[in-house]
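Predicted model, so just to flag it, every value in this text is computed and none were measured.
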Number of protein chains: 2
Amino acid sequence: MRYSKQRELVHASIMSSKDHPTADRIFSEVKKEIPKISFGTVYRNLGQLVEHGFIRIIQLDGITHYDGNVDPHNHFICNECNRIYDFELDNEDFISQVEVKNHHHVSGYQLMVTGTCNKCNIN
Amino acid sequence: MRYSKQRELVHASIMSSKDHPTADRIFSEVKKEIPKISFGTVYRNLGQLVEHGFIRIIQLDGITHYDGNVDPHNHFICNECNRIYDFELDNEDFISQVEVKNHHHVSGYQLMVTGTCNKCNIN
DNA sequence: AAAATAAATAGTAATCATTACTGTTTAGTT
DNA sequence: AACTAAACAGTAATGATTACTATTTATTTT
């Protein structure tokens with residue numbers, strides 16, 4: 001993968017964003033630095049970054065978001081403020097439930113929890 | 001919601017299908033009975049059936065599928081045969097983990113587990 | 001049972017996200 | 001400095017979904 005300024009900025013945009021931006025948002029962000037960048041370039045680089053394990057895709061209500069945190073973690077989506085929070089989980093229990101009760105072999109999972117977040121709960 | 005043959009068949013198609021069909025698959029299926037049905041009709045009825053809680057949407061790799069089982073359950077996707085299995089889970093443990101450790105209030109969740117299924121594991 | 005009404009339909013056009021294509025530019029190599 | 005293949009910008013194409021409109025039809029009212 002040859003260096004390009006475009007890919008660097010696409011990556012940087014995701015890493016600096018504390019939420020999980022869409023391709024559209026990343027495009028707008030990078031456009032500030034490289035006004036002539038095209039959508040194809042953003043998508044191509046997103047694909048490569050995913051392929052090489054630098055970022056990860058998360059699907060939310062059918063919309064594709066990108067996540068710079070590639071360590072295993074889960075997402076909590078607040079129904080009120082729509083913020084997406086990362087959280088970790090002790091998952092041995094439910095993985096073993098699936099393995100023992102259903103006799104499948106588990107290699108991974110994606111968990112998305114919804115509700116109201118601690119900030120919105122205060123009111 | 002006024003009765004229509006089209007909606008009845010859209011619903012019936014999902015209920016009789018043991019996997020989780022896409023809009024496209026449902027369209028083809030219903031077309032056998034009503035050759036002049038249009039895609040708009042399928043989408044509109046899917047939307048209404050979801051809205052009234054008769055069916056449920058599941059997203060899988062960014063592709064929208066429909067599920068006639070509205071009882072709480074989770075999905076296991078086999079990486080080898082691509083079958084989707086339903087399974088239930090004792091989830092009190094991880095829900096309380098999120099509530100206690102992160103102080104969010106949980107109202108629902110979606111869990112998608114991947115791996116190799118018991119049929120594919122035999123070989 | 002006929003007339004009235006509003007919901008649902010078929011067919012088509014429009015939208016939106018994503019991918020494909022093409023000729024030009026550019027990072028890294030010889 | 002010349003070379004080569006990867007990456008680019010710009011644009012066209014695709015595929016899923018939604019919007020629009022004139023017509024049909026389920027249900028209610030007379």
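Cluster membership for B/Phe76 and A/Phe94, using ILVMFWY side-chain heavy atoms within less than 4.5 angstrom, is shared.
Extent of DNA chain D lying under 4.0 Å from chain B heavy atoms, first and last nucleotide in 5' to 3' order, is D/dA16 to D/dT27.
One can place CG of B/Leu9 at 14 Å from C1' of C/dT9, the figure rounded to the nearest angstrom. Here C/dT15 presents its C1' atom at 15 Å from CD1 of A/Ile63, a figure rounded to the nearest Å. Whole-Å rounding puts the B/Glu51 CD to C/dA7 P distance at 14 Å. In this entry the distance linking CG of A/Asp61 with C1' of C/dA17 reads 16 Å, nearest Å. B/Gln48 places its CD atom 8 Å from the C1' atom of C/dA8, with the value rounded to the nearest Å.
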B/His20/B/Asp86 under side-chain contact (heavy atoms from CB on, under 4.5 Å): CA gap, chis, key distance, verdict: CA-CA 10 Å; B/His20 307 77; B/Asp86 290 0; 3.2 Å; yes
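Members clustered with A/Tyr3: none, using a 4.5 Å side-chain heavy-atom cutoff among hydrophobic residues. The hydrophobic side chain of A/Ile63 is isolated, with no ILVMFWY side chain under 4.5 Å apart from it. Hydrophobic clustering, defined by side-chain heavy atoms of Ile, Leu, Val, Met, Phe, Trp and Tyr closer than 4.5 Å, groups A/Phe54 together with A/Met1, A/Leu9, A/Val10, A/Ile14, A/Ile26, A/Phe27, A/Val30, A/Ile34, A/Ile37, A/Phe39, A/Val42, A/Tyr43, A/Leu46, A/Leu49, A/Val50, A/Ile55, A/Ile57, A/Tyr66.
Residues in residues 12-37 of chain A take part in these salt bridge (charged side-chain N to carboxylate O under 4.0 Å, His left out) pairs, two or more places apart or across chains: A/Asp19-A/Arg25, A/Glu29-A/Lys32. Within the structure, side chain to side chain donor-acceptor pair (under 3.5 Å) contacts touching residues 49-62 of chain B (residues at least two apart or in different chains) are B/Gln59-B/Thr64.
With sequence neighbours excluded, the residues that form a ring pair (Phe, Tyr, Trp, His ring centres under 6.0 Å) with A/His73 are A/His75. Taking B/Glu88 as the reference, nothing meets the side-chain hydrogen bond (donor to acceptor under 3.5 Å, both in side chains) condition, with sequence neighbours excluded. Applying the side chain to side chain contact (heavy atoms under 4.5 Å, CB included) criterion to A/Asn74, with sequence neighbours excluded, gives A/Phe87, A/Leu89, A/Tyr109, A/Leu111. Qualifying side chain to side chain contact (heavy atoms under 4.5 Å, CB included) partners for A/Thr114, counting only residues two or more places apart in sequence or in other chains: A/Ile77, A/Asn79, B/Ser107.
Contact check of residues 36-45 of chain B against DNA chain C (heavy atom, cut-off under 4.0 Å) returns B/Lys36, B/Ile37, B/Ser38, B/Thr41, B/Arg44, B/Asn45.
No contact: A/Thr22 has no heavy atom under 4.0 Å from any strand.
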Base-contact (B) and sugar-phosphate-only (S) positions in nucleotides 22-30 of chain C, heavy-atom cut-off under 4.0 Å, - elsewhere: ----BBS--
